Amino acid sequence: MASLLFGLALAAPHAQTPLAGSEVLLPAYAAALVVIELVTGALLLALFSVHRILAVMLLAAAYLFSGLMAVPWALTFPGVFDAMGLPPAGPQTTASIAAVRRLGFALLLLTYAVLACRQTRRAAPRYSGMVIAACILAVFAAAAGLAVLIIRNDALLPRFMMDAATITVNWTYFAVLVAAVYAATLAILLLRGWSVLDLWLTVVTFSLLIDILMLSFISEGLRLSLGWWAGRLYGLVAAMVVLLVLLAQTTALSAQLTRAVAAERRAREARLLSMQALSASIAHEVNQPLASMVTNADAGLRWLARNPPDLAETRAALERIGREGLRAGRIIDGIRAIFRKGGQERAALDLNRLLQAVLTRCEAEARPHGVTLELRLGERLPPVSGSAAQLEQVVSNLATNAFEAMSGIKGRPLVLRITSHAAPEGEVQVSFADTGHGVAEEQRRHIFEPFFTTKPEGTGMGLMYCQSILEAHGGRLWVEDNVPHGAIFHFALPAAPGAAAPRDIAA
Ligand code: ADP
């Protein structure tokens, strides 16, 4: 606002200097004004269609009305469009159109300020399209009707102009009225809490106030004088301010929208990936008990087909099927708990007992591979807090991987040595050292990724699943080379809170 006042101070001393021949600039000025005001009106209507605040629609109507009225104003301006052969307008026509345009805009702006200040009456969503259409129609009808009325009835109009260039005292009274409306609008806008739009409307109103002062008083109402043109320039600045603010806001909004859409797409892809991971890990983990159930069902049938049927063996096979079924159910629960995040049932667990239980089951699996299992469990292991079903899965996965890594290897002892010990940092560490083919350097970075596998029948989910479980328990999983052959998979889990400090390290 200070710069607006500075401009006023600069122009004031020369305000009455006439700029002869400057009417050639008028069409360019009018065209700019019409385009800027109509675009501003359209953007404000777009804003209304989003927020549906009626006050914003009134502001849009103000800009549309002002933009439309600028057309007959320019067309009737004396000496500008004569070459086009338009019938000459009466001496009061242009000034009266200007008066109606200015008063209409000022009153609508004042109504906006009053309404927006009272806070937001909103149109119902389904009516907003109709409200916009009605607003555009009403403004068009008002502008066209008033323009025709003024042009046809020059003799009845109040006398604003003495001749083609000089105003009468009537215009001065009118200017005082418009300035008073602007001053009231300015006061309301200054007093209330501002939105960004209101803040800039204050600047707009202030420049329009200077515009009317320049036009009517400082230039002594002399058309096409320096002060008159300076007033026009303020009018143009006023028209541009809201347009620029709206454009900046629209750009910021569309950038925000683009970012939101991209984030939503990323979230959807992540959800899809986690669904793929979930289904692949269910398949991976449940295959094992299912295979065992099928084997036991075959065995049961064979025991039954004997003559006489071996009922004791059949019962044992059925019991194993039942146990494997329950295990499959527990596995599925465990997988669901991982993806539920934070929903796992935790209990204090003795990892040594868990290792023994799982590895007893694994012995049958080790035998066909010709693998010897060695269990070296540390004493006085502190308990860990976790889900038994999930940690059993980790142990059984790591053991199965080790058996598969040793399968087909000849000429050296095939051993899976499992050790547990209490690590000094309040952790319990378990290691699976095998004498298999080991993990190649270039594969080491990928083996924990979902779907990475080097096995023809592999799913590449096992290690990813183990890692997710251990990390969800606050632990970690890593791999090292075994010397001279094979790999060692280590995992560490934090001791349960309040557990006794470890005093023993395993052999
Ligand atoms: P899958 O067993 O279905 O291949 P995993 O995620 O369990 O999926 O394992 C990924 C890959 O890590 C395996 O294909 C294998 O190449 C490698 N790997 C896992 N465990 C061992 C091991 N004990 N020794 C050597 N390589 C292993």
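When a ligand or atom number is given, it counts from 1 through the structure's own listing order. This one's a predicted model, so the numbers in the text were calculated from it and none came from an experiment.
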Nitrogen or oxygen of [X] less than 3.5 angstrom from that of ligand 1:
{"X": "L463", "value": "yes"}
{"X": "T454", "value": "yes"}
{"X": "K455", "value": "yes"}
{"X": "H437", "value": "no"}

Could you go step by step and tell me if R476 and E427 meet the salt bridge (charged side-chain N to carboxylate O under 4.0 Å, His left out) rule?
-> CA-CA 11 Å; R476 62 212 149 88; E427 283 184 329; 2.6 Å; yes
Distance to 0.1 Å, residue and atom name: give those for the protein heavy atom nearest to [atom].
{"atom": "atom 10 (C) of ligand 1", "answer": "F452 O, 3.3 Å"}
{"atom": "atom 7 (O) of ligand 1", "answer": "N401 ND2, 2.9 Å"}
{"atom": "atom 22 (C) of ligand 1", "answer": "F489 CE1, 3.5 Å"}
{"atom": "atom 23 (N) of ligand 1", "answer": "D434 OD2, 2.9 Å"}

Which atoms of ligand 1 sit under 4.0 Å from any heavy atom of [X]?
{"X": "V439", "answer": "25 (C), 26 (N)"}
{"X": "G438", "answer": "25 (C), 26 (N)"}
{"X": "G462", "answer": "5 (P), 6 (O), 7 (O), 8 (O)"}

Under 6.0 Å between ring centres, would you say that holds for Y63 and F105?
-> yes
Residue pair [X] / [Y], side-chain heavy-atom distance below 4.5 Å:
{"X": "M57", "Y": "V131", "result": "yes"}
{"X": "Y182", "Y": "I210", "result": "no"}
{"X": "L311", "Y": "L304", "result": "yes"}

Enter the distance from L398:CG to L355:CG here, rounded to the nearest 0.5 Å.
-> 10.0 Å
Please work out whether any backbone atom (N, CA, C, O) or any side-chain heavy atom from C-beta onward of T400 is under 4.0 Å from ligand 1, and answer side chain, backbone, both or neither.
-> neither
Proximity of Y465 to ligand 1 by residue part, where a heavy atom lies under 4.0 Å |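 Under 4.0 Å from ligand 1, Y465 contributes no heavy atoms.
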Is the number of heavy atoms from other residues, nucleotides or ligands within 6.0 Å of CZ (R412) greater than 12?
->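 More than 12 heavy atoms, drawn from other residues, nucleotides or ligands, come within 6.0 Å of this atom.
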In sequence, state the C-alpha distance, the side-chain angles, and the governing distance for E392 and R327, and then conclude on salt bridge (charged side-chain N to carboxylate O under 4.0 Å, His left out).
-> CA-CA 10 Å; E392 277 176 17; R327 190 156 83 89; over 6 Å; no
For atom 17 (C) of ligand 1, the option (of I447, T453, N482) bearing the nearest heavy atom | I447
Please answer whether the main-chain N or O of R376 pairs with a side-chain N or O of H421 as donor and acceptor at a distance below 3.5 Å.
->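 No: the side chain of H421 does not pair with the backbone of R376.
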